[in-house]
Amino acid sequence: MPELPEVETIRRGLVRKITGRLIVDVSFGSRDAIRRIINMPPKKFLRKLKRRKITGLRRRGKFIIFELESHFLVIHLGMTGQLTLRDPRKNDEPFVRHPATGLQRTRQHPPDRHTHVAFFLENGNSLLYRDTRQFGRMFLVRSADYKDFFGKLGLEPFTPQYRLCAFAERLKKRRLPIKALLLDQSFVAGVGNIYADEALFEAGIHPARLACSLLPDEQERLFKALSLVLRRGIRYGGTSFRDYVNAQGETGQNQEDLRVYGREGQPCFRCGGPVTKIMLRQRGTHFCSACQRPHPY
DNA sequence: CGTTGATCCTGGGCGC
DNA sequence: TGCGCCCAGGATCAAC
């Protein structure tokens, strides 16, 4: 589910509301789900979090990172993870799936069978972690281990380290389809299936091209396309295809602005030809077969 | 070493 | 209505 723009949108929606707050309690859902999601016994997790103050909120790739006093709580939302705030003074609304779009409409909701962790804050609000498919993970990382934890993660877009020369150098070493490389978090952090397809379309590059075969101007177009589509995703509050909601429980708007993802058979915005969908490494892959040629010559 | 495909889950949608 | 199958914003890991 959530790629860099979605995680960043959640972060921005939470940062003012939880920074400086104390975690007074943590409650858990079903045992089996908790064992998968948290990297330690729940009692230990609770002991380490109780009475801790949240001093800040960061993001690295698709990870959202809660700064505590001696630790970081690192959360990866997997495919269907949701982090939402619940204010007991406001009314709850049930999850409602829109019959036509399939999108969920909700503001805040009470915990249900997919709500696996609730963090209770001293101001009465709670932060709910809900995850239908249970692919998300939470880690408590000691401050000293922080760098190590993210050691293998790749270039971070929108930072000074995200530079064309580093990008091109990494590209040249890899002999696999460029789409597959874009999904590899040790290359560029934060890119997932939607934004990989969107960036390749913007750059006019066929998803099955071998990464090492990209010509210099293609490398540069892809480098720029990635930051373009990610920035656009953030500006529109993320892409809601199914489960993604922001910290307030609202869907994003970026699905209205996608060029190829989810548009199979519909006209390419550039040439008018039909958008093609193929399976590449078990992932749905959308592109325009006229604008994104399999061979550059 | 690098690359690949199976696997972990639940649920929605489709064909029969 | 129901069943079986395929698909879904992801990442890990055994096997080549």
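A, B, ... follow the sequence lines: proteins, then strands. Residue 1 opens every chain. Side chains are part of it too, since the values below use all heavy atoms of this structure and drop only hydrogens, waters and symmetry mates. Here the structure is a predicted model, which is why all the values come from computation and not from measurement.
Atoms CD (A/E6) and C1' (C/dG10) sit 13 Å apart, rounded to a whole Å. The distance between atom NZ of A/K173 and atom C1' of B/dT3, rounded to the nearest whole Å, is 17 Å. In this entry the distance linking CZ of A/R170 with P of B/dG2 reads 12 Å, nearest Å. Between A/Y261 atom OH and C/dC7 atom P there is a gap of 13 Å when expressed in whole angstrom units. Residue A/D243 contributes atom CG, which lies 9 Å from atom P of B/dG12 at whole-angstrom precision. For A/L77 and C/dG9, the CG to C1' distance is 10 Å, given to the nearest whole Å. Rounded to an integer number of Å, the gap from CZ of A/R242 to P of C/dC6 is 17 Å. Rounded to a whole Å, the CD1 atom of A/I75 is 17 Å from the C1' atom of C/dG9.
Heavy atoms of A/Y195 sit nowhere under 4.0 angstrom from any nucleic acid atom. Residue A/G238 is out of contact with every strand shown, counting any heavy-atom pair closer than 4.0 Å.
The six-membered or imidazole ring of A/F119 lies away from that of A/Y129, with a centre-to-centre distance of 6.0 Å or more.
Applying the 90° criterion around 0 to the glycosidic angle, C/dG9 comes out syn.
Under the side chain to side chain donor-acceptor pair (under 3.5 Å) criterion, A/E169 pairs with no residue at all, not counting sequence neighbours. Legend: residues meeting salt bridge (Lys or Arg N to Asp or Glu O under 4.0 Å) with A/R12, ordered by chain and number and at least two apart, are A/E8. Residues meeting the side chain to side chain donor-acceptor pair (under 3.5 Å) test with A/R113, sequence neighbours left out: none.
Using a 4.0 Å cut-off between charged side-chain N and carboxylate O, A/E6 and A/K62 make no salt bridge. A salt bridge is defined here as a Lys NZ or Arg NE, NH1 or NH2 lying under 4.0 Å from an Asp or Glu carboxylate O, and A/R259 with A/D257 meets this definition. Using a cut-off of 4.0 Å between Lys/Arg side-chain N and Asp/Glu carboxylate O, A/R174 and A/D184 are scored as salt-bridged.
Geometric assessment of A/R263 against the ring of A/F269 yields a positive cation-pi assignment under the 6.0 Å and 45° thresholds.
Sorted by first and then second residue, the ring pair (Phe, Tyr, Trp, His ring centres under 6.0 Å) pairs with a member in residues 173-223 of chain A read A/Y162-A/F223, A/F167-A/F187, A/F167-A/F223, A/H206-A/F287; sequence neighbours excluded. For residues 267-279 of chain A, no pair satisfies salt bridge (Lys or Arg N to Asp or Glu O under 4.0 Å), with sequence neighbours left out. Sorted pairs that involve residues 42-55 of chain A and meet salt bridge (Lys or Arg N to Asp or Glu O under 4.0 Å), not counting sequence neighbours, are lacking altogether. Applying the side-chain hydrogen bond (donor to acceptor under 3.5 Å, both in side chains) test to every pair with at least one member in residues 22-35 of chain A, sequence neighbours left out, gives no pairs at all.
At least one side-chain nitrogen or oxygen of A/K277 sits closer than 4.0 Å to the OP1 or OP2 atom of C/dA8.
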- prompt: Where does DNA chain B pair, written as one dot-bracket string 5' to 3', with Watson-Crick or G-U pairs under 3.5 Å, ( ) inside the strand, [ ] for crossing pairs and | for another strand?
  reply: .|||||||.|||||||

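The hydrophobic cluster containing A/L228, built from Ile/Leu/Val/Met/Phe/Trp/Tyr side-chain heavy atoms closer than 4.5 Å, comprises no other residue.
Atom name P, nucleotides B/dT7 and C/dC5: the rounded distance is 15 Å, in whole Å.
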query: How would nucleotides 4-9 of chain B be written as a contact map, 5' to 3', with B for base contact, S for sugar-phosphate-only contact and - for no contact, using protein heavy atoms under 4.0 Å?
result: BSS-BB

Polar atom pairs between nucleotides 11-14 of chain C and protein, under 3.5 Å, N or O only, would you list them?
unit_1: C/dA11; atom_1: OP1; unit_2: A/H76; atom_2: NE2; d: 2.8
unit_1: C/dA11; atom_1: OP2; unit_2: A/K62; atom_2: NZ; d: 2.9

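Between the A/S240 side chain and the A/G252 main chain, a donor and an acceptor come within less than 3.5 Å of each other.
Of all the residues in residues 162-169 of chain A, not one reaches under 4.0 Å from DNA chain C with any non-hydrogen atom.
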